[in-house]
Amino acid sequence: MFLQVKANLKEVDNASSKIYEKLVPIVGNEKAFIVELVIIETCTNIVKHGCTMKNNRIDIKVDIKQRDIEITISDSGKPFNPLKRKLPDLSRIEEFKDGGMGIYLIRSLAKKVSYRYVEGKNQLEMLL
């Protein structure tokens with residue numbers, strides 16, 4: 001399944017809902033919810049921090065591979081490797097009232113996460 005959306009939160013929400021609806025009959029509510037959450041968190045970070053141009057787009061690819069789901073999210077925003085970010089200190093959760101938990105959630109929920117910057121695009125691949 002492949003979707004390309006404008007880099008804005010409304011488009012991201014609509015796309016993640018469509019993906020959720022298509023996945024529920026195949027993988028069940030829980031797995032579909034986790035996929036939706038990972039997509040929302042990744043794309044929200046792209047919209048808020050990476051894509052500064054109005055016409056930027058986000059590519060979302062979801063592949064079902066036996067028991068796993070592979071998600072690839074690409075954008076042409078400024079290069080940013082979320083895997084280089086230090087994981088938050090959860091004993092100081094009050095520091096995250098304005099965000100900062102998305103990357104932690106993604107890394108916690110995924111079996112594998114990889115990043116690369118190729119041909120002017122950020123590519124984050126996640127295996128759930």
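Treat the numbers as computed from the prediction; the structure is a model and nothing was measured.
Looking at heavy atoms from C-beta onward, S17 lies in side-chain contact with E36 at the 4.5 angstrom threshold. Looking only at side-chain heavy atoms (C-beta outward), I58 and I60 come within less than 4.5 Å of each other. For the pair P82 and N45, the minimum side-chain heavy-atom distance is 4.5 Å or more. Side-chain contact check for L105 versus V38: every heavy-atom pair is 4.5 Å or farther apart. Put simply, the side chain of I39 reaches to within 4.5 Å of the side chain of V62, judged on heavy atoms.
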Would you give me the side-chain donor-acceptor pairs under 3.5 Å for residues 118-127, sequence neighbours excluded?
from : atom 1 : to   : atom 2 : distance (Å)
K121 : NZ     : D59  : OD2    : 3.1
N122 : OD1    : F80  : N      : 3.0
N122 : OD1    : Y115 : OH     : 2.5
N122 : ND2    : D75  : OD2    : 3.2
N122 : ND2    : G77  : O      : 3.3
N122 : ND2    : K78  : O      : 3.0
Q123 : OE1    : R116 : NE     : 2.9
Q123 : OE1    : R116 : NH2    : 3.0

Sequence neighbours excluded and cut-off under 3.5 Å, please list the side-chain donor-acceptor pairs for residues 18-32, or say none.
from : atom 1 : to   : atom 2 : distance (Å)
Y20  : OH     : N29  : OD1    : 3.4
K31  : NZ     : L128 : O      : 3.2

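Nearest heavy-atom pair, S114 versus L83, reported as atom, atom and distance to 0.1 Å: CA-CD1, 3.8 Å. When all heavy atoms of V47 and A7 are compared, the pair lying nearest together is CG2-C, 3.6 Å. The two residues V113 and A110 come nearest to each other via the heavy atoms CG2-CB, 3.4 Å. For K6 against E11, the heavy-atom pair with the smallest separation is O-CB, 3.5 Å.
No donor-acceptor distance shorter than 3.5 angstrom exists from the side chain of T44 to the backbone of E41, with no hydrogens or angles considered.
In this structure, SG on C43 lies 11.0 Å from CG on N8, to the nearest 0.5 angstrom. Between the CG atom in L9 and the OG atom in S16 there is a gap of 10.5 Å [rounded to 0.5 Å]. Here I106 contributes atom CD1 and I71 contributes atom CD1; the two are 9.0 Å apart, rounded to the nearest 0.5 Å. Rounding to the nearest 0.5 angstrom, the gap separating the OG atom in S74 from the CD atom in Q4 is 10.0 Å.
Each of M1 and I40 belongs to its own hydrophobic cluster when Ile, Leu, Val, Met, Phe, Trp and Tyr are linked at side-chain heavy-atom distances under 4.5 angstrom.
Residues forming a side chain to side chain donor-acceptor pair (under 3.5 Å) with K111 (at least two apart in sequence, or on another chain): D68. For the salt bridge (charged side-chain N to carboxylate O under 4.0 Å, His left out) test, residues two or more places apart in sequence or in another chain that qualify with D63 are K61.
Environment of CZ in F33: sparse, with no more than 12 heavy atoms of neighbouring residues, nucleotides or ligands closer than 6.0 Å.
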